[in-house]
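Every chain is numbered from 1 and lettered A, B, ... according to where its sequence line falls, protein lines coming before strand lines.
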Amino acid sequence: MNVDPNIEADNITPPPELSDRSNQRWGTKPATTTAIVFLGLILLLEVGLRLAEPHLPEPLDWPIGNMQAKYDQMTQIAAAGQQMDIVFVGSSVVFDGVNPLVVSEAADGAPVYNAGIAGAISTRSWRWWTTEVVLPLLEPEMVVIGIASVDLNSGDHDDFWGALTRTRGYNRVEAGTEGTVAETVEEITEEWSALFRLRTVLREPVRILLEFGEDTEQDLAIGPLGAEDRSEALDPYELTDEGQRRIREGQLVDFQLEGGDLEQLDALIGELTTQGLDVVLVNMPVTGDFVRLHPNSEQDYSEYVAMVEDLADGHGVRFLDFGREYDTVDLFRDPSHLSYAGADQFSRQLAAELLGPEG
Amino acid sequence: MIFNSMEYALFLPVVFVAYWLLKSRLKWQNALLLVASYVFYGSWDWRFLSLIIVSTLVDYFVGQSLPRTQDERRRKWLLATSLGANLGILGFFKYFNFFIDSASALLTTIGLQPNPPLLEVLLPVGISFYTFQTISYTFDIYRRRLEPTDSLLTFAVYVAFFPQLVAGPIERAKRLLPQLASPRRLDLAWIRSGLGLILLGLFKKVAIADVMAGIVNEAYAGAATAGAPTLWMGVFAFSLQIYGDFSGYTDIARGSSRLFGIELMENFKQPYLSRNITEFWRTWHVSLSDWLRDYLYIPLGGNRNGRWQTYRNLLITMLLGGLWHGAAWGFVIWGGLHGLYLAIHRRYREKVPREPEPWRWRDSGITLVTFFLVSLTWIPFRAEGFTQAADYIRGLLGRTGEIQESFLALLVPALIASFAIDLIQRNSGRELFFFWWRPAWRGVAYATLVLLIIIFSGGQTTPFIYFQF
């Protein structure tokens, strides 16, 4: 009945789900069957996931395990009210190459943290990580940025940034939504249900197939102050043909320095210096093999070093060049990453440079 | 408060229960809907509620005054008052900086150095939708096709009804007002179908659109550097994203509305199964296409004044339709391209007339061609400026790069799911096709949808794309 006599309705054709009820299999019995099948399937999956949980990959809030471990560790440091004097930031060359325990010891126990991230990392990603996560949590006085030529190669495509922005960790930091009602409800649900707890893992069926039953704890293992976990021995340095191909066609493909990565580094240094922080730019050690694998070998590498030096000069920050410091591969685990012994030796030298003769 | 948020999941059941506790008290039910709608809208920014209230009052009183006078001049003044108020609000909040900026750029090209005032104006959410809705009300009364409602309360609910307030469908008064003015009764079939639509809409939004957003964001961020395979995947991913996002929103809006016994119009009718661009615009964002046809294309002369006038009218309508989406030249280009396609298709149909036929499998080829064209045309719509759009197109045409398997693993299932849902809906003629399945299979369908929603939800709540328009 239309109670407003002024209005004459347009013809509204009811949709079939409202008009054509005869064909629908509704009623108490069919509805019960539907409900039983629905609940049964959900329950079955929940039970199955609970049983399989110990064998499934760890659900991550960040794209890679060491990022999650470092985020958790830095959050704990911040919660304890501690601050760091020096933080090291960068990609895997920093993650593997700097032993914060050695630097801290050289600095008479001053708090030092290695916030470098290992994995398929990009300059844009670790710029964001530095400014949005590391600085607010650790409030350092000095930021040491470690880089290698691979970090500034704009020829390789940055697919890590996309992966990072899809993670819950990134979105929580961006939205600052921790502690809202929605977050609390979500946390309770995750505690209560394996289906909710493991949903980020379920999004990656390939990862489940590859890592099912494997011990993924190692990915999350990390030493104090962001140091690398050294519980596993490293294989000796070896550069196979396949390894060379991967570096040439992967990390150093279409090597070009002008572009996004350099701009990201430029912006990062600018942001840090604007905040009044003491910034040091360090060219991290690499092997001669790595230099040779650049498309134009030494020429590319020299251009890279000159460009980074110019960048540091432009911002008025210190530049330390350790790029060709070691001419032996004994201190490396692969062409661009230091071994445990190499990291210790480099960290001692770096600490001496950073702290100066007076410590 | 957006539809895929925890806040809405709490808000909707509370309003639902309160609403049906008031059954048989129509005015109270409408008052509740109005308060709920204002709370819903105020959750974004309560200050912008004043704009809705102004728009409501102006059009209510203009609507009341129009039938009381036969003086054409006065009637025109009344219409101009409504248009001035609504388009004034829209123009100021949405287009002020755009026009000032564009005029400034134009003056710069002829050697002048203007220093125009730009305002820090926030865009009120949903402003384009509710202003178009109120304009249509007044216009229909002016054209003597609608009698005004006497009830300010009913009219206020018509303007602000929360399921469709921020992103449509742009409802006509003739459809929605009678429903708001009539008693509703609690009907299990309506509740059931409402929940079904909400479930389907959430699936489209969370498991398709938001998943595709990851690919799209990365492809467009890398417009200048990413390889062609990534950029091509970005093109098709955006097609799925915007469709899943907007049609998912519409499903949730219509589902929510059905919970209150009110039927909103279908805004999407499997548009990616269209065999030509004309068909696409009959099935994509139908409420906007209808609005543009009735209040812009036909008043411009429609197809009544010869071929070239028709083409001109199509182009103007689509250019303005593009501009309706946002104050940026990318939207105008997108609209202009669609206007051009429509004109070309119209000319083709004049030469090769054909009666409309139902979709058949043999139409797959031409359907894919149309989908491809529509997908490419989304580039200026999605890109942030000319430079990014140009970089993107250059990259598509031959920049080398590897196929990212992780993207492909998401895009292919999403394409299959999206087209499969549309095909089943089109062939069965039933939106909620699983309602007709055997009870056990229906249980499987619900479980699958719920599982996929759970798996792909969590973390960030992504706003609907059309909320910004």
Side-chain angles (χ1 to χ4, degrees), chain A residues 1-4 6-10 12 14-18 20-21 23-26 29-42 45 61 154-155 157-159 161-163 165-168 170-172 174-175 177 180-182 185-186 195-196 199-200 202-203 206 254 259-260, chain B residues 5-7 10 26 146-151 154 172-175 177-179 181-183 189-190 192-193 196 214-215 217-218 221-222 224-227 230 263 266 401-402 404 406 409 429-432 435-440 442-444 446-447 450-451 454-461:
Chain A
M1 186 185 73
N2 186 349
V3 294
D4 190 336
N6 287 339
I7 299 168
E8 189 189 331
D10 255 4
I12 300 170
E17 58 268 21
L18 297 178
D20 176 16
R21 299 183 196 187
N23 290 334
Q24 291 180 46
R25 299 162 195 274
W26 290 104
K29 204 179 155 195
T32 311
T33 311
T34 304
I36 289 171
V37 172
F38 170 73
L39 291 172
L41 282 171
I42 300 277
L45 195 77
D61 282 347
S154 298
H157 183 56
D158 173 11
D159 60 353
W161 174 250
T165 56
R166 286 194 291 273
T167 61
R168 183 152 66 168
Y170 172 89
N171 288 305
R172 272 187 180 168
E174 279 292 297
T177 55
T180 63
V181 177
V185 171
E186 206 171 341
L195 179 54
F196 277 85
R199 59 190 157 160
T200 52
L202 294 173
R203 282 175 208 170
V206 179
D254 297 333
Chain B
S5 68
M6 191 60 72
E7 287 79 5
L10 298 171
L26 182 65
L146 178 76
E147 291 292 320
T149 175
D150 290 334
S151 163
T154 310
R172 300 297 176 81
K174 267 200 161 187
R175 258 187 72 93
L177 271 177
Q179 294 188 69
S182 309
W190 280 67
R192 205 161 46 207
S193 67
I215 301 175
N217 294 344
E218 198 174 326
T225 53
T230 301
E263 178 68 359
E266 224 180 317
E402 287 178 4
Q404 294 192 54
S406 61
R430 292 160 181 162
E431 219 177 349
L432 294 172
F435 272 26
W436 278 261
W437 289 359
R438 287 178 184 281
R442 209 158 58 213
V444 174
Y446 293 158
V450 167
L451 283 173
I454 291 173
I455 288 172
F456 288 104
S457 63
Q460 188 191 30
T461 309

A/Thr165 and B/Asn217, any side-chain heavy atoms less than 4.5 Å apart: no
Side-chain contact, heavy-atom cut-off 4.5 Å: B/Ile454 with A/Leu202? no
How many angstroms lie between atom CG of A/Leu39 and atom OH of B/Tyr446, to the nearest 0.5 angstrom? 12.5 Å
Could you walk me through whether B/Phe456 and A/Arg203 satisfy the side chain to side chain contact (heavy atoms under 4.5 Å, CB included) test, starting with their C-alpha distance in whole Å, then the side-chain angles of each, then the deciding distance to 0.1 Å, before giving a yes or no? CA-CA 7 Å; B/Phe456 288 104; A/Arg203 282 175 208 170; 3.7 Å; yes
Partner residues of A/Leu41 under the side chain to side chain contact (heavy atoms under 4.5 Å, CB included) criterion, sequence neighbours left out: A/Val37, B/Val444, B/Ala447
Side chain to side chain contact (heavy atoms under 4.5 Å, CB included) involving A/Ile36 - partner list, sequence neighbours excluded: A/Thr32
Closest non-hydrogen atom pair, B/Ser457 against A/Arg199: OG-NH1, 3.0 Å
